[in-house]
Amino acid sequence: MAEYNARTVEGKWQAYWSENKIFEASEDCKKPKFYVLDMFPYPSGAGLHLGHALAYTASDIYARYMYHRGYNVLHPMGYDSFGLPAEQYAVQTGQHPAVTTERNIKRYRAQLDRMGFSLDWSREIRTSSPSYYKWTQWIFIQLFNSWYNVAADRAEPIEGLIRRFEAGGNQAVRAACDEGVPLFSALDWKAFSDVEKQELLLKYRLAYRAQTKVNWCPGLGTVLAHDEVVNGVSARGGFPVIRKEMMQWNLRITAYAQRLLDDLEDLDWPEPVKDMQTHWIGRSAGARVRFDVLDSQGAIEVFTTRPDTIFGVTFLVLAPEHEAVASIAIPEYAQAVETYKAHSAQRRAGSQNPTGQFTGAYAVHPFTQARIPIWIADYVLASYGTAAVMAVPGGDQRDWDFAAHFGLPIKNIFSGVDISKGAYSDPNHTCMAQSEFLNGLTPREAARRVVAELERLQLGGARVNFRLRDAAFSRQRYWGEPFPVYYKNGLPQLIDAAHLPLALPDVDAYTPTETGEPPLGRAGVWAWDTRGRKVVSNDRIDGKTVFPLARDTMPGWAGSAWYFNRYMDARNEGEWAAQKALNYWRDVDLYIGGIEHATGHLLYSRFWQKFLCDRGWAPVSEYARKLVNQGMVWGMSAFVFRIVGTRTFVSKNLAGAYKTTPLHVDISLVNASQELDLEGFRKWRPEYADAEFILEDGKYITDRVLEKMSKSKYNVVNPDDIIERYSADTLRLYAMFLGPLTQSKPWDTAGIKGVHSFLKKLWRLYHRGGALSLSAERADGVELKILHQTTQKVGYAIEHFTFNTGVSALMIAVNELQALRCDKREILAPLSILLSPYAPHMAEELWHEMGHSESIAHVEFPSFDPELLVSDSHEYPILFNGKLRFKMRFAADTPQRDMEVAVLGAEKTSRYLTGKTPKKIIVVPGKIINVVY
RNA sequence: GCCCGGGUGGCGGAACUGGUAGACGCGCUGGACUCAAAAUCCAGUUCUGGCAACGGAAUGCGGGUUCGAUUCCCGCCCCGGGUACCA
């Protein structure tokens, strides 16, 4: 080959890897396993973007490195292919989402192949394929058929709960369940009707239906999860989102709150992700306190983290939505309360002035029996704690602000603290005052006393509260997993697991029905299993017993909450995954993906894994040991300046003299020195065909700004174009060379030249006159040192996820070897193995050119000899007046110039040590620096 | 407000447990090769004073510890991300 032809070479080895199944993993292997996982992509119409290319290159480098280190690597890929964009496209075009999804997947696959990733495609999965969502439906069935046994701290089969109810009712059962389940005995249970039993069980199941406040997006006609809502609008589409009460499927993730929190500790995950999950779960320990309502049967229960401040309570505040508001408000205030409730429906967080309304009712202080006014105010959230707080203006700033605004009393319950300007909320450095039996105690001691007292009086007790809510699991969409459920008397009934998957029906349109039902409401009889057997009848059939099927589908995160397990045994028809495979691969050793999933996918998937582990299907309760978040890739945008009202464009540094409009210009028309390609610009768009330019130094200089990549900014860089113009190896190297993996960084294609010429330079090192040319001569010390240093640096870089320094190390090695005109096989053969994770195509080509017949991918990574790196360095004793003061270390080959620098350093040091300027500094070359006065 | 992460040349970024700050690459300058261009190679490139030798300053700002600080400690400023009346 005359010169390196990336296109031919890369295509050749991609085919070779695929045909020879180089990266297909097997469970029958004596090597230690290593599971490298990427967050699988949603196959969008826009194709694979640079962010994918970056993250997938990083995991690929790691995977290939682990192959070289002798591991049995599992490195799979698939598609998170259910989702809204395909459905919206279907709404617009009438095209079945399966069709567009298939088309997009083909494109993604082609792009992924072109990158040269070491993926095991025999394990490919698609969440929207029936052979996959069969098992998502199966897991849903298991969730429905499980309850959470708090005493055992794990999920258990619902049959066990039924047996307990039969034996002793629910009094002795400690379960994670709905609030306010009435107590019943075994006799009661037996007397309940079937419907009553089912209704009760629903309050215990891990998948349950309930009226739920949800984020309803009228624009999309569906419910959204918290992470699908950004600043009050939908993340996809940007439609407004409102709160609405609906009958929804929910998953009882709150049962796992404590475990989700506790197990974070042992995970090797980025701190920001752990922090975000910790905050999301939001554990706070405190107490519940019951305040009886004066002249009423009712009582208000509050949650507080500061039971020690109970004697500072001067009023209670309920959320406007609190269920007791209507019943306690006394008639004179009823109207005002209603008005305030209506007003607060459009509450905004962080408003300046507190708002609220007195209900006219009073509560009784549990210890002092004082009358405590009850207010409603929107600073109290309906969705947290008991939706009621005991206000302690002396100890809580929000309460203080509220009290100050409405003229309510502020009581000081701390000694030696000034609360005239604001509350004192620090539980340290003070003790209690004006607090009866708490006086003189520290807040911490006082809290313990109060809790004990509340328990004794049966007015409350210690309580842990979580911010985490149960997960809404219904979406009013078409393109998602259908629930394997039909309804009988309004109660959900499972479709037998033998009939899974319950396939998605065809519909005539993908919009909600005229009656406001989700798109599935349009389907005729659709409950078929894959063998074409009708499973249940649909409510549109006349003359027979009819059971309506579930009309909603599961949310986007359902399929991604367990997919990492399916890769272990992706083709299994009879099980979600075989125990043998699960026990072999167990968990993901390295998971790479974006931080945007921190409180969505990464939390839900931990929850499902714990559930699957509890029920004995999964061998581990955490599925990803190590997580790495890649940084975002920003786009570099370019601007030209058009003089207002003309077709004249003025160069950046002259633009100040004119009145101009900055306009985005396609970044590909700008070179590395920010110069605009004038001809290209004129051709770019017809309206610029006759553009005039005012140049500086004969050039048109553009302005550059870092922005998110977007079509409208003409700064989108497509990986395909880079591969086309340079090569996949170049793209891989440059993506890594940009900067640290975890850091957000700009993509500036201008700089790609450097890594591209590195590859060409490397190629020339191995070739002469177009043919492979390597010398069999033994390497000398200098050459060996270069090789061993590079080996150390490249290995270190990969292991520490500082891939950019690995690229630098390779570049330095090539520069040095080129300067030495080194063409020795002894050096270049191992060098190609070092190159292999980064630029696998060229490495494979070199390897085969050198006469090897096996793939370089499985060749052992070279080891380095630490002696070679440090053996010829010496410690130089630095003497002052003959006395040893310290040692300096230099390599033996330190040049004279550098030694002089050291001497200079010794001189300065001597001034510090003795205050004297030395008369003489003696350097014994390679031995001693002696300073004499 | 609170919680993370980060401030180093014209730019992306190096610097292992404190030890020659600016590796590597882009860009820029000069040179070689070419009719020319591309490609390639060589040299230079933190700022500043100086023809030069050589000197001064510099890792967001101000202090501190140390013979020595990008690195450790204290106080501030700025940027990015997350979160927000969570009782």
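In the text below, chain A, chain B and the rest are named by the order of the sequence lines, each starting its count at 1.
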**Student:** Any side-chain N or O of A/Ser284 below 4.0 angstrom from OP1/OP2 of B/A87?
**Tutor:**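 Answer is yes, contact under 4.0 Å.
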**Student:** Heavy atoms only, 4.0 Å cut-off, all strands: where does A/Asn815 land among base, sugar-phosphate and nothing?
**Tutor:**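 The answer is sugar-phosphate, as A/Asn815 gets under 4.0 Å only of primed atoms, P, OP1 or OP2.
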**Student:** Just by protein heavy atoms under 4.0 Å, how would nucleotides 36-41 of chain B read 5' to 3' in B, S and -?
**Tutor:** ---SSS
**Student:** Using the C1' atom as the point on both nucleotides, what is the distance between B/C42 and B/U46, in whole Å?
**Tutor:** 23 Å
**Student:** Testing the 3.5 Å rule here: is there a donor-acceptor pair between the side chains of A/Thr749 and A/Trp747?
**Tutor:**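 Yes.
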**Student:** Name the residue closer to the 5' end of RNA chain B, choosing between A/Tyr734 and A/Ala387 according to the nucleotide with the nearest heavy atom.
**Tutor:** A/Tyr734
**Student:** Which comes earlier along RNA chain B counting from the 5' end, the contact point of A/Lys699 or that of A/Asp396, where each point is its nearest nucleotide?
**Tutor:**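 The residue closer to the strand's 5' end, by nearest nucleotide, is A/Lys699.
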**Student:** Which listed nucleotide (B/C26, B/G25, B/C85) is nearest to the side chain of A/Ala672?
**Tutor:**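 Among B/C26, B/G25, B/C85, the one nearest the side chain of A/Ala672 is B/C26.
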**Student:** Measuring only the C1' atom in each nucleotide, how far is B/G13 from B/G62? A whole number of Å is fine.
**Tutor:**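 Between the two C1' atoms, the distance is 27 Å.
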**Student:** Give me the atom names and distance for the closest heavy-atom approach of A/Ala6 to A/Ser727.
**Tutor:**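 Minimum heavy-atom contact is CB-CB, 3.4 Å.
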**Student:** Given 3.5 Å as the limit, does a donor-acceptor pair link the side chain of A/Arg469 with the main chain of A/Phe466, or not?
**Tutor:** yes
**Student:** Does B/G9 fall in syn (glycosidic angle within 90° of 0) or anti?
**Tutor:** syn
**Student:** Could you tell me the separation between the CD1 atom of A/Ile812 and the C1' atom of B/A23, rounded to a whole number of Å?
**Tutor:**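 Whole-Å distance recorded here is 6 Å.
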**Student:** Tell me: CG of A/Asp378 to P of B/A87, nearest whole Å?
**Tutor:** 17 Å
**Student:** What's the verdict on ring pair (Phe, Tyr, Trp, His ring centres under 6.0 Å) for A/Phe406 and A/Phe315, showing C-alpha distance, side-chain angles and the deciding distance?
**Tutor:** CA-CA 11 Å; A/Phe406 289 103; A/Phe315 55 101; 8.8 Å; no
**Student:** Could you tell me how far apart A/Lys793 (NZ) and B/C24 (P) are, to the nearest whole angstrom?
**Tutor:**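 Rounded to the whole Å, the gap is 10 Å.
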**Student:** Relative to the ring of A/Tyr340, is the ring of A/His343 parallel (under 30°), tilted (30 to 60°) or perpendicular (over 60°)?
**Tutor:**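 Rings of A/His343 and A/Tyr340: tilted, 30 to 60°.
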**Student:** Could you check whether A/Thr702 and A/Gln674, counting side-chain N and O atoms only, form a donor-acceptor pair closer than 3.5 Å?
**Tutor:**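 Note: A/Gln674 and A/Thr702 side chains miss the donor-acceptor criterion.
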**Student:** Using a cut-off of 4.0 Å between protein heavy atoms and nucleotide atoms, how would you tag nucleotides 6-16 of chain B 5' to 3' with B, S and -?
**Tutor:** ------BSSS-
**Student:** In whole angstrom, give me the gap between the P atoms of B/C26 and B/A39.
**Tutor:** 12 Å
**Student:** For the residue pair A/Thr254 / A/Asp470, report whether a side-chain donor-acceptor contact shorter than 3.5 Å exists.
**Tutor:**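 A/Asp470 vs A/Thr254: donor-acceptor pair found between side chains.
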**Student:** Given the P atoms of B/C72 and B/U59, what is the spacing between them in whole Å?
**Tutor:** 15 Å
**Student:** Taking the six-membered ring for Trp and the single ring otherwise, decide whether the centroids of A/His365 and A/Phe311 are under 6.0 Å apart.
**Tutor:**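 Ring centres of A/Phe311 and A/His365 closer than 6.0 Å.
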**Student:** Base, sugar-phosphate, or nothing for A/Ser383, non-hydrogen atoms under 4.0 angstrom?
**Tutor:**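 Contact class for A/Ser383: none.
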**Student:** In whole Å, measure the gap between the P atoms of B/C74 and B/G10 for me.
**Tutor:**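 Looking at atom P only, B/C74 and B/G10 are 31 Å apart.
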**Student:** Where do A/Leu731 and A/Leu50 come nearest, in terms of heavy atoms and distance?
**Tutor:** CD1-CD2, 4.1 Å
**Student:** How long is the line joining CD of A/Glu816 and P of B/A23, in whole Å?
**Tutor:**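 So the CD-P distance, A/Glu816 to B/A23, works out to 14 Å.
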**Student:** Measuring from the side chain of A/Met811 (C-beta onward, heavy atoms only), which nucleotide among B/A84, B/C24, B/G82 has the closest atom?
**Tutor:** B/C24
**Student:** With rounding to the closest Å, how many angstrom separate the C1' atoms on B/G63 and B/G12?
**Tutor:**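 Pairwise C1' distance, B/G63 against B/G12, rounds to 32 Å.
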**Student:** What's the gap between B/C73 and B/A23 when it is taken at their P atoms, as a whole Å value?
**Tutor:** 28 Å
**Student:** Could you check how far CG of A/Asn629 sits from P of B/G5, rounded to whole Å?
**Tutor:** 13 Å
**Student:** Between P on B/C24 and CZ on A/Phe758, what's the gap in Å once rounded to a whole number?
**Tutor:**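 To the nearest whole Å, that distance equals 14 Å.
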**Student:** Charged N to carboxylate O below 4.0 Å: is that the case for A/Glu301 and A/Arg288?
**Tutor:**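 Result for this pair is yes, salt bridge flagged.
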**Student:** Report the relative orientation of the aromatic rings in A/Tyr379 and A/Phe402; use parallel for angles under 30°, tilted for 30 to 60°, perpendicular for over 60°.
**Tutor:** tilted
**Student:** Rounded to whole Å, please give me the gap between CG in A/Leu733 and P in B/C26.
**Tutor:** 13 Å
**Student:** Between B/A87 atom P and A/Arg288 atom CZ, what is the distance in whole Å?
**Tutor:** 13 Å
**Student:** Quantified in whole Å, what is the P atom distance between nucleotide B/C4 and nucleotide B/G18?
**Tutor:** 24 Å
**Student:** Do A/Arg283 and A/Gln258 have a side chain donor and acceptor closer than 3.5 Å?
**Tutor:** yes
**Student:** Angle between ring planes, A/Trp763 versus A/Tyr4, binned at 30° and 60°: parallel, tilted or perpendicular?
**Tutor:** tilted
**Student:** RNA chain B in dot-bracket, Watson-Crick or G-U pairs under 3.5 Å, [ ] crossing, | other strand?
**Tutor:** (((((((..(((......[....)))((((((.......))))))((((....))))..(((((..]....))))))))))))....
